[in-house]
Each structure stands twice: as structure tokens, then as C-alpha cells.
Amino acid sequence: MLTASDSVDFDALRKDFPIFDSGPQTLHYLDSAATSQKPRCVIDAIDLCYRNQYGPVHRGLYPLAESATEAYEKARQTIENFINAPSPDEIIFTRSATEAINLVASGWARQALEAGDEIWVSQMEHHSNYLPWQRVCRDRGASLKVIPLDSSGQLDLDKADGLFGNRTRLIAITHVSNVLGIVNPVEKITRLASVNSIPVLVDAAQSVGHMPVDVQSLSCDFLVASAHKMCGPGGIGFLYGKKERLTQTEPLLLGGGMVDQVLADTSIWAEIPARFEAGSPNLAGALGFAVAAAYIEEIGRQPIAKREQELAATAFEALSEIDGVTIYGPENSPYRSGILSFNIDGIHPHDIAQIAGEHGVAIRAGHHCCQPLMRHLNTPSTARASFSFYNNKDDIAALVMAVHETKKILGS
Amino acid sequence: MLTASDSVDFDALRKDFPIFDSGPQTLHYLDSAATSQKPRCVIDAIDLCYRNQYGPVHRGLYPLAESATEAYEKARQTIENFINAPSPDEIIFTRSATEAINLVASGWARQALEAGDEIWVSQMEHHSNYLPWQRVCRDRGASLKVIPLDSSGQLDLDKADGLFGNRTRLIAITHVSNVLGIVNPVEKITRLASVNSIPVLVDAAQSVGHMPVDVQSLSCDFLVASAHKMCGPGGIGFLYGKKERLTQTEPLLLGGGMVDQVLADTSIWAEIPARFEAGSPNLAGALGFAVAAAYIEEIGRQPIAKREQELAATAFEALSEIDGVTIYGPENSPYRSGILSFNIDGIHPHDIAQIAGEHGVAIRAGHHCCQPLMRHLNTPSTARASFSFYNNKDDIAALVMAVHETKKILGS
Amino acid sequence: MNSVYKTVLLDHFHNPRNKGDLDSMDRVKRGSNPRCGDDIEVGIRAENEILESVRFRGRGCSICLASASIMSECTIGLTMRQARHLVQQMLDWFGDTISEAPSNTTLAALGAVRQHPARKKCVLLAWVALDETLEIK
Amino acid sequence: MNSVYKTVLLDHFHNPRNKGDLDSMDRVKRGSNPRCGDDIEVGIRAENEILESVRFRGRGCSICLASASIMSECTIGLTMRQARHLVQQMLDWFGDTISEAPSNTTLAALGAVRQHPARKKCVLLAWVALDETLEIK
Ligand SMILES: Cc1ncc(COP(=O)(O)O)c(C=O)c1O
Ligand SMILES: Cc1ncc(COP(=O)(O)O)c(C=O)c1O
């Protein structure tokens, strides 16, 4: 049974999300791993910004511009604290996790790689944490190596020959799989990598809003995430980078605000982090992001993690009792977040998602931008239910009902 | 005197902008070239999106995801129509004008350039339309050439030896100068460039929300702009590219949504425009951008251009009557938009902007991300007033007053 | 609720017509959508420009497979020209160039899918493959 | 309105103390901010570790120039150690590490600039240059 995770009243929190009051039909939103819904405080912060506080960041001397700049830098500090970074200068605002990874691939790895070097990813990476490395390795004559998975879908580090060897220039690994919900042992990886001083990039897109994340105890060199997957607005994310690594990084985007001196044939970049934020900063995006982080922090990521695990565990149990349902990944375990992928024998996952959609249940079907993982699972696609703390047991009941309905309609 | 531009009631339109009702003091916002204020319809569209309509774009089969996808693609069509592009597939949503230029520099020019080739920009370019070309030229052994300016600050095409010659691979030129307000003769340039089939990129950051812009009559190959300078939200902009050019362009960002097949060592990109939009699309950004474009289109860019020119002309006249004031750029002329840069003898522009700010007048001082232009003007910085249609003659009076006040406080 | 899972569609999914072996076909073409894993083959046999047999095999979602089955039923007996015309009508109908279903009651069962842009490809996969088999050599 | 343009500041801007020629100085250091075009030089002459002369020249905004003038006035006569200490106090005050002005009435005139982060650099430019002239050889 579902029990309130600690002392947080999650049913009351659900009321913070206007979307659940907006339609005639109950929305069973189980696609938070794609993008999460937004609480009123975030929506209101964006609204207020554009109504009363809007001005250029880093570019003016009048009060509106000064307060915009201050608010933007305060948002940076909020993100700094959210992941326990040592300094706000180590937080770069990007448009997304995807941009942040590309920045490291183009700006750091491109310089660092030589022919014969290796970059390691895992078989469960999202395309955003796979393709940038594939390109930079090909361009530099390096090899992209893949940590294999065991039969339960977990990293098989023992089979990753040379992972911590002296050809490895970088390990880029997701913190939480967006398909299997597996939480990877990042601390173990950074510890083993540190022996050979191998930098580690953590894709925290699926973790940072769902469980405590501390870059100092993870001991990673880079960490990336997007606001929109953690109650924040679209169009903003961040890169955390250790000062030492950022100093080795060339900017991805060149333009206004990231340069001190522009000479005829060469230029001198501005200090870090400005160097990596070319173009007019996204004020409302940063403010909305900071409010989202504060909102999550106030609930507490420990209770959130517990709540989402409980929801996923309950769904796991209910679904596994249904004939013909296969759930991917390990059995319910502490290594599992609130994400669940499954299939029904003989039924295409698109049909599951469509029929679920017709019944007010929002789940996703497809390869989830994880084609390498689909090859490992030996299926072109799966259906995925992803839970957020604002979900409840009614959502699980609706999901189970939709699966039965799908079987009734399409089962043989 | 100011006359209503045609039949539009601009004083009524000012009421569409909540910021002007938000403070105790009248805000004389003359910094719209840095970033514009937002009308209620744009703010409300973003609000509504997050409250009632929010879901993942291109990634789901349930109703919320389908309508999000539809709304996003409709926004693309709105931008298509706004610049009269031949097809919505030629509109790429980016985070900004800056990203759009970097995409062309990294994705198109990097392939197209060979040692000895030339890229031409002008001496009045914004750093965002200068630095990306500087880098790609240096990396490829090509030359970055600069169209010089005449004493009035206008392009001196006659002195640009080889501009339309057969070493030129690209001409990247701003439509409107963000410092001088000069409107460049883009049509003339594309006509002369077409003789040698030289592609032309137009930086429309300062034009697209302020005057009619039609990529087919401009006959340019690429055109870029940001939403936040034309009443839209931060964090979104676009690249227009001719189909033929986009086909020659490699994506800048790799990741989710831009790939059809991910194989071990190589990948097959998705169709255009998805290929250039890696990562989760910014739904609220695109919707807000489209509403901004529709809002501007409804007022009419012809009347807006007239109104802004009138405001600038009136300010020009008033400021030029003040002893010790130098206004940069050509005298008031049809080649001028609503942007005006000036200095006061013996007074640093930062002081002008600060004192103006203390009197509720928001103007900008600095190099405006145009250090090459500052070298031409032989000053490290200028004060800049930039007018939007929501400004009025009270704003001009306040500006003039602030200049007098500055002289009184700091004049010798 | 305007479900896409109408009786006719479900019937074709559960009891696919002309599905299976393509060995006796004159020409076979493949249609695949790597994004969702749909992957089918369509084969034809014609005599005097008239389609004697239209068959398919492969895997896909219910809409993809039902559409292939419906297609086979609707095209057997047509001349190759008529079949090409019907494919074009389907493309126009799903491309929203025309709003009326091609005058064929079975085809109308696919109409509900037009409300779901992401799944139009599922419907059209078989039809595009058929079109390729019909191309003038 | 809490203007930064206080009487004391304006006085130093209009009537800068110790401005001009640096030929007779022992050591000269330059401070510049390419972003806004401020560019000044600060020179010192010391005898027995006591600052006999502190002078500056260059161009900049009123705050930058007034700060340089105020600085010269506040540091002439100090030991080099005391001057380094005062520079550190200024850095702390403008870095918000301490909230009280260094106990010096003239310096207090710069306090209003602390509300304007973008202009703190203008105030500190001369002080940082001075610090460099004071560095132990
Ligand atoms: C002429 C011009 N080009 C490009 C840009 C860059 O726009 P953004 O900062 O929105 O990328 C600006 C504004 O900053 C501009 O004025
Ligand atoms: C594990 C993982 N990494 C990276 C991303 C990319 O995030 P975004 O699309 O916001 O850039 C996602 C989500 O799409 C994800 O699930």
C-alpha cells in the first residue's frame, strides 16, 4: 500500500499544479520523465518577471537592469546550492542538458582527445549523452566505448575492459536511466576513475529533481540537467563543471557577453561563467528554474525519492500480475527510481500508449531516445510510465485499467 | 511634432504592457534594442501554456502531447509567415540569434570553407555576428574580411575590395545596426552576391520586429533573430535557411529528437528541421514567440517602423540642440531605425546612463557588443537610446531632461 | 471519445487479409520506420496491368497492420493506374489536402487516425511501399 | 533617490587631487577595463615605507576618477602596510564581506556605489592598481 512518505502531504502538493484542475477529465500524467508539470509558484514567477521585473541582464546601469542582473545571479546561486557546487562560477546556464553535454563534447573533449584515446559511455545512455561523444570521437580518431549491461539492465562494469585504463579520457554516464529507472553507482565510478585521474560527466537529467544530488560527494567533473524535467520552465538547463575543467573548455557559442576584447583576428574571452553564456541571458528561464529548485528543495528530495519509488514499486507489482506483461530492468530495488518500462505480448507499445491516452492516462511509447538500449533489450520500443511525487494511487489504478483495456481491445 | 503613425493608436498599445503600470515611478524604457518589454498577450500565452496545455513536443501519443506538438508546429508556421519563408521546414527554433549564427558558422561554414577562402562581415557587426566567423576562419585557414564604414557610419561597399569576388564563401551582415540604427541595403548586397552565387546571412535581430522583413524579397540564404527583442520571451529565437543550404548544414547540437537511427559508430540524422533541434523543444517559448509575432503583425510593421523612426527623429532633433552632444551615424534619414547613439563631451557614457537611470530613464551605455564599431567611431563606448512603438514623447522629454541633468551634475 | 480503434480496423488487425508469404509475388517493396520499429513488406502480382494479388508481411502496430490489410483488400482487382490513384488519394487525405475519404467504406475506418499526426506514418507505411511496387519500370 | 553622485564624489571628480604627471613616481601600475574603456595609471613614491606621494592619470567615468582622487588623498602619509590594509578593507567592503565603510569619512562617499554591482569595478580600478604598486618586491 501507499503510505505517505515521511511527513510530507503529497496529495496536498498535487494541488500546486494547475494542470490537474484544468480539464474536464482527470489527467493521469505518467510522463514526467519526458517533461514534468509545473507548480503554480514557477508559473507565477515567470509571469511576475515579465510583468514587473523584466530588463536586460548584465547589460544596463538603470534600476530595472540592475535588479534583473541581481536576480539572474541569485538564480545561479540557487542552482549552486541545489547541487552543492563549491562556487556559483561553476554553474553555466545552458538551454538544456543536451546543450550542456554538447558544450563539454565540443569545448572540452575536442581539445583533450587524441587519436587512440577512448571515451566511455554506457549502453543505457540517452541519445543526448551518446551522439555528441560519437561525433567527437570520430572527428578526433578516438574510440567510443560502451559499458555493457547485464541481463537485468544494470551496468556490467566487470565486462567493461579498459574502462578505467590509461586510454580513457572521459566517462560520460547517466545518473538515472530514463527507460529502466536504474540508479547508477556514480560514486563508485568516480572513485575508480580517480585512480587514473579520468574525468567523469554525469547526466543528471533524470536524477537532480528526484533524489539528493551533491556534486562534491559524487565527485564528478561535469554534471548536466534541464529545468523542464524538474518542475521548471523550458529552454533552460545547466552545466556544472569543476573550475579546473571549465578553464580547459572552449566556449561552444561565441557572441555578445562572453568576450572582453574583440580584436581584428583574435579575441580575449571574458571570465568564467560569462565565457560560456553567449547571447542575452534568459532571465525568466533562470528565475523559473531557481523557483523550481527551491520548491523541490522545500519538499525535500529524500521524501520525493521515497514517494516516487513507492509509486513505481506499487505499479510494478500491479503490472507484473497481469498476464503477458513484461517489465524491463531489475526487480524493484533501491537502485530504482520512479520510471518503469514494459510491454504486452503481441501488442505494439504505440497501441498501449494510444489506448491509455484515450482513457486519460499519459504514458509514452517508443525508443525513448535510447536506441542502443533498445538493441540490448531486443525490442524496438517499450511503453513507459514515469512517476512524479504529484502522482497518486489513482494514477496507478488508471494505468492498470488501461493495460487491461488494451489487452481487451487488441489481445488475441 | 509626433503624429500618430497612420491610423494606429500607439498610446493605447502602451497599455498592453503591464510593466508600465507596475512601478510607482513612470518607466521611460529606452533600451528595447537590448531586450523589449512584453505585452500582456505574450505573458498570458506562456502562463496558459504551463497551466492548461503543457506536455512534451514530438514525443507522445496522448492528447496533451499531441496538442503540444500541434501548437509547436503551428508556432513554426507563424514564424514562417512572419518572414514570408517558402516553407515551415526552413524555420529552425534556436535559443537565440546568437545560437542561430553559431549553428551556421559551425554547421555550414566549417564544411564550406577552404584555406584561402574569405568570409565578409561589416565593421558594425554585433559580436554575435563577428566572433563565430572569426573562429571558423581561423580554424579553416580562411580570412575574415570587414566591409569598412564611411564617415557617417554607413557601409562603404566601394572600399570592400573583393567582397563579391570568387574567394568569398559567405557574407554575414546585420540588417539594422544595434548602435547606429542604420538600415543596411541587404537587397543590393544579395543582388550583387548572386552573380557569384555567394550566400548571404542576415542578422535580423534588430529588424524583424521593427520593419517588414521578407526573406524572399531580401533573397538571403540565412536569416536569424531572437524573440526577446520583439516582444517575445527569452530563450528562443530562430534560424531561417534556404532548404538547399540547410541540406548542406551539419547540426550544432546532437541529441534526442534529431536522429533517426543511432548505430554503434555512426548515425542517421532525422529530416529537416528536426535535425537541428536536438533536445526537448521549448513549447512555451515557441508559443510566446508566435503570439509576439502575431501581435506585431496585427499592429503592422509598416506603422511600427514609421512610429519608431518618428520617435528617433524627434529625439535626434532635441538632442542635437544640446551643447556638447554628439550623435553618431548619419543624420536622420530613411536609412535609420529607432536606435540612437550619442555622447556628451567630457562625460563618460556610464555616467549618462546612471544619472538617467536615477531619473527613471532606461538607456544603455557601453560598447553594445560592437567593439569593432567603437574603434571606427573612435570612442570606447556610447550612450544609446532605442525606441519601440510603445514609447512616446514623454519618454523623449525625460531623456532630454536626463541629458541636461547629467551636464549640470558632471559638466565642467 | 473518438477512438481510433474502430470495429473495422480491429477486425483487420485481428483477422488480417492477404498476410504472409510473398514468394509468389512479382514485385516486393519494404517500408520501415526506425523510430517506432514498424517494418513491413508489400508484394503485388499483376496480369494485364490488373492487380491479381496484393499481399504483405511484417511487424508493426495495430494501425500499421490493419492499414496494410485494408489496403490489400481495397486494391486487389484494380488496374495499376487505379491503384496509384488511390494511393495518391490516401496521401492527400492524410496530408490534409483533401478532407473527404476516398469513396470506399472500408477506408473510412482509417479516418480517425487523421486526428493523430504522430500515427499518420503508421497508416501510410504500407501504402507508400505499395506505391513503389507500382512504379513504372 | 539615493544618488551615487554625492557632493564629495562630485568634488573629487570636478577637482581631482593628485592627478596628472607620474614622472617622479617610484612605481607605476595600470588598471584598465576594456569593457567600458576605463584606463588609468597609479603611481607611488615612498620614503621609509611611508607613502609620500600617490598620483594617478588616465580616463574613465566620474566614479572611477573620483575614486582614484579619493584614494590618493586617503593614502598619502600612510605606511605601505597601512595602505595595503586599507585596500583590503575597500575590497572587502565592496565585496560585501564587511558592511561598514573603512573608518574614513571621505571614503564613505563611495558607499552609494555598493548598490550598483556593475559599477563596483569603476571604484576599485585605482585601488587594485595601487595594490600592485605596493606589492613587496
Ligand atoms: C544586431 C544584433 N545581432 C545579434 C544580437 C544577439 O542577440 P541574442 O543576444 O538575443 O542572441 C543582438 C543583440 O544582442 C543584436 O543587437
Ligand atoms: C537521461 C537523459 N539525458 C538527457 C536528456 C536530454 O534532456 P533535454 O532534452 O532537456 O536536453 C534526457 C531527456 O530527454 C534524459 O532523459
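The basis for the numbers below is simple: all heavy atoms, side chains too, and nothing from hydrogens, waters or symmetry mates. All chains are named by letter (A, B, ...) in the order of the sequence lines, taking the proteins before the strands, and each is independently numbered beginning at 1. Worth saying up front: this structure is predicted, and the values here are computed from it rather than measured.
For the set B/Leu410, B/Thr379, B/Ile409, the entry with the most heavy-atom pairs within less than 4.5 Å of chain D is B/Leu410.
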**OP:** Could you give me the CA-CA distance, side-chain angles and deciding distance for D/Val4 and B/Glu358, then say whether side chain to side chain contact (heavy atoms under 4.5 Å, CB included) is met?
**Re:** CA-CA 9 Å; D/Val4 305; B/Glu358 291 180 356; 3.9 Å; yes
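Summarising the local packing, NZ of B/Lys407 is surrounded by more than 12 heavy atoms from other residues, nucleotides or ligands at distances under 6.0 Å. Within 6.0 Å of the CG atom in D/Asn15, the count of heavy atoms belonging to other residues, nucleotides or ligands exceeds 12. No more than 12 heavy atoms of other residues, nucleotides or ligands shown are found within 6.0 angstrom of CG on D/Asn48.
Between the CD1 atom in B/Ile352 and the OG atom in D/Ser62 there is a gap of 10.5 Å [rounded to 0.5 Å]. Separating the NE2 atom in B/His350 from the CG atom in D/Asp38 is a distance of 7.5 Å, to the nearest 0.5 Å.
For a residue to count as touching a neighbouring chain, one of its non-hydrogen atoms must lie under 4.5 Å from one of that chain's; by this rule B/Ile355 touches chain D with backbone and side chain alike.
Shown here for D/Gly37 and B/Pro380, the closest heavy-atom pair between the two residues is CA-CB, 3.6 Å.
For B/Gln354 (side chain) and D/Tyr5 (main-chain N/O), no donor-acceptor pair under 3.5 Å exists by modelled atom type.
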